2 protein chains.
Amino acid sequence: MKHKKVSLSDIAEKLGVSKTLVSMVLNGKGDENGISKATQERVFKLAQELNYKPNQFARSLRIGKSNTIGLIVSDISNPFYAKMARYVEDYCSQNQYNLIICNSDENSTKEHKIIDTLLEKQVDGIIISSTIEDTEHLQKIQNEQVSYVLVDRIYSSYPSHYVVVDNVFGAREATQYLLEQGHKRIACFTISPAHISTQVERFLGYKQAIDLSTESFDDFYHKVIPRENMYKSIYNILRDWSNNKVMPTAIFSANNQITLALLEVCKEMKILIPSKLSIISFDDIDVFRFYNPPITSVLQPIESIAQKAVETLLKVISKTKANEELNELYQVKLQTNLILRESVAKYN
Amino acid sequence: MKHKKVSLSDIAEKLGVSKTLVSMVLNGKGDENGISKATQERVFKLAQELNYKPNQFARSLRIGKSNTIGLIVSDISNPFYAKMARYVEDYCSQNQYNLIICNSDENSTKEHKIIDTLLEKQVDGIIISSTIEDTEHLQKIQNEQVSYVLVDRIYSSYPSHYVVVDNVFGAREATQYLLEQGHKRIACFTISPAHISTQVERFLGYKQAIDLSTESFDDFYHKVIPRENMYKSIYNILRDWSNNKVMPTAIFSANNQITLALLEVCKEMKILIPSKLSIISFDDIDVFRFYNPPITSVLQPIESIAQKAVETLLKVISKTKANEELNELYQVKLQTNLILRESVAKYN
DNA sequence: AAAAAACTCTAAAACGTTTTAGAGTTGTTA
DNA sequence: TAACAACTCTAAAACGTTTTAGAGTTTTTT
């Protein structure tokens, strides 16, 4: 029982009317085009009966719009991005948009390829948390007149629409909390590649807090952990500090994966948390809630980030389509929340 | 500098050749159609220069194939599905397929809608972990001649292609391990809705283990936890058991979310693991590795599941397209692995 | 009774590909 | 030198929509 897909023409033919009419009616433009109620009724009825499904390709080809957007993140199995993707998907489908999710694996070459693919698929827009250091990929997207908004990660010297979190504030607040608890030697771990704005900003917030305090900042305690070799390199760092009797009393970790590795190392080295070492982490993932002790962390409003990102992108898309001049830049910065748990001890 | 997108005709025109020729060359069919090397060279060169990108909609419209597949899971922010989606995406893009990921939220109505949307988008195939009890949605997909493969969850009485894990074996092995450690009163927690095959099968494996042992099976220790109210209902169950002095010595939890809730309840009620209660869980998620004590669990080979699912679907798609009779059913069942950690104590 | 307005509908083009069937040369064979 | 093969290329249709510009009736106005 191979039955061909039913098209507009099939309906038109059976009803003895034109495709134009059927198209109008089915798109809800029957009234405004003065199609009689009776005819509209007949069209709807038959369409239903035949289980008519418009061909999206024909449609997209004709109107030059795919109703699809792309989301590029480093790794969708990272809980932070998993949640984000989840909410982005929600808001997209609420707005009748399709979503294509892509993983860059923190690899510039791969991200460039992804962008090419997305542009070939003629997505209407891209939400992108980029791993690339320069901005030629953004230029490339713009050249194709495709809208985009940066999320999570931005370029300070390249004006664009973005939705991010106030990383400087979040990191400063976390570090200040550590200071308030009496810590003096506080280390900061960020993850490679070092140019990513989140890591730069969180380090900045950390530094600000220390500079504002009576303690003095020492770059010795800032380590960029290579993401390919987190466990080993953290292990080496802690061992060196320990051997040289310069162990910090607290660590601010600017990334959830770093924190996970750090926790494993501490377990392995039998460094007790928080009695021997206090830890505070950016990103609040499930593991932190369940860890023993539960980890104090900086919560990002993931759902709002996602919502704002989609909202912003759709705004930009519609303005671009309408050919309005887009002189206004949408730049959203959301607040973080410090979640106090038990991985930080008082120090004196 | 609004420059229109460049099309085949643009290239053809500038080169003074036909669209046909350009199309052939660009699709690598130059040789087999006897286009001279020189001409091919000119085409490639100009296409490159103009940064030509084929219009996928026109292409899909013409050849009736979208090169897109859909993935339906209950919630992509659940670590198990996040990983799965991640790998599915990998294998899809390796095969030049696009992926649309959808969340059903364990809601039948929503899943039906998702399927309708996917069919409208004319995906070439669907990988689906379904929440729906009956099989009319599968019928609907088949009616539209769209290929699909079930993953994770199946219908025992509805023949279809699938890729799953041997849940019965995994659950039996886990329960037998509990028995070997001397446990006699072993409970089993599954999650609602109760009809989902994974839950049914895991319960079955649990029951088999007990029936095979010297212990006797008691349905009293099998609880289906409603997913909307996991914490509270687990709390009530444990409290009742405790009050009535019928606390099991071990619990086999057939779902990672249930386990998480169970762990929280135990913490709240100060039930020590594993000394007071041993726990073993299906699914091995990050939290379990990091928990204190680390949770013994049944590991599913997520990457293989994903790989096989994509592989199978693509096979089915190509056979369907070639109009070959598909009398053979692809049914893949993968093995689980019991990961021994520290949440199970010996009991005597 | 002619002109205007209102109402209902349609023909045909366009979007950018792929594919079918075959056209026009040039060279080769009998 | 006629027939044939080989080589290189093309016209046009088709996929299924949306949209533009306007056609054909009937009703209303003057």
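Chain letters run A, B, ... following the sequence lines, proteins first, then strands; residues in each count from 1. Note that the structure is a prediction, hence the values are computed from the model and not measured.
Listed by first then second residue, pairs satisfying salt bridge (charged side-chain N to carboxylate O under 4.0 Å, His left out) with a partner in residues 39-53 of chain B read A/E144-B/K53, B/K45-B/E49, not counting sequence neighbours.
Salt bridge absent: B/K5 and B/D10 never bring a charged side-chain N and a carboxylate O closer than 4.0 Å. We find that B/D90 and B/R86 are joined by a salt bridge, their nearest charged nitrogen and carboxylate oxygen being less than 4.0 Å apart. Taking 4.0 Å as the cut-off between side-chain N and carboxylate O, B/K29 and B/E32 do not count as a salt-bridged pair. Under the 4.0 Å criterion applied to side-chain N and carboxylate O atoms, A/R153 and A/E111 are not assigned as salt-bridge partners.
In this structure, B/R42 places its CZ atom 12 Å from C1' of D/dC9, rounding to the nearest Å. B/N67 has its CG atom 12 Å from the P atom of C/dT18, to the nearest Å. The nearest whole Å value for the distance from the NZ atom in A/K5 to the P atom in D/dA14 is 21 Å. Here the C1' atom of nucleotide C/dG16 and the CD1 atom of B/I11 are 12 Å apart, to the nearest Å.
Contact annotation: the side chain of B/L314 never approaches that of B/D124 to less than 4.5 Å [non-hydrogen atoms, C-beta and beyond]. Counting only heavy atoms from C-beta outward, the side chains of B/T68 and B/Y97 never approach each other to under 4.5 Å.
Counted within 6.0 Å of CD on A/E13, heavy atoms from surrounding residues, nucleotides or ligands total 12 or fewer; the atom is thus considered open.
Of the possible polar contacts, one joining the A/S36 side chain to the A/T39 backbone as a donor-acceptor pair under 3.5 Å is found. Side chain of B/N103 to main chain of B/I76: a donor-acceptor pair is present (N/O by atom type, distance under 3.5 Å, no hydrogens or angles).
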Would B/Y162 and B/V332 satisfy side chain to side chain contact (heavy atoms under 4.5 Å, CB included), going step by step from the backbone distance to the final call?
CA-CA 6 Å; B/Y162 62 68; B/V332 181; 5.8 Å; no
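If you check every strand for non-hydrogen atoms under 4.0 Å, B/L8 touches a base.
Sorted by residue number, the list of members of residues 114-121 of chain A with any non-hydrogen atom under 4.0 Å from DNA chain D is empty. Non-hydrogen atoms lying under 4.0 Å from DNA chain D are contributed by nothing in residues 45-59 of chain B. Within residues 15-37 of chain B, the residues that place at least one heavy atom under 4.0 Å from DNA chain C are, in residue-number order, B/K19, B/T20, B/S23, B/N27, B/K29.
Ring orientation note: the planes of A/H161 and A/Y330 are tilted relative to one another, at an angle of 30° to 60°.
For the pair B/T39 and D/dC9, the criterion of a side-chain N or O lying under 4.0 Å from OP1 or OP2 is met.
Each of B/K308, B/E311, B/E303 was evaluated against B/Y91; a single residue qualifies, B/E303, per the side-chain hydrogen bond (donor to acceptor under 3.5 Å, both in side chains) test.
Of the candidates D/dG16, D/dC9, D/dC15, the closest approach to any side-chain atom of A/L61 belongs to D/dG16.
A side-chain donor-acceptor contact under 3.5 Å links A/Y81 and A/D152. For the residue pair B/T20 / B/S23, no side-chain donor-acceptor distance below 3.5 Å is found, with atom types taken as modelled. Between the side chains of B/Y155 and B/S130, a donor-acceptor pair is found at a separation under 3.5 Å.
Direction of the helix axis in the helix from C/dA1-D/dT30 to C/dA30-D/dT1 shifts by 60° between the two five-pair termini, rounded to 10°.
Put simply, the side chain of A/R62 and the base of D/dT18 share a donor and an acceptor less than 3.5 Å apart.
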Atom pairs under 3.5 Å: protein N/O with N/O of nucleotides 22-29 of chain D:
none

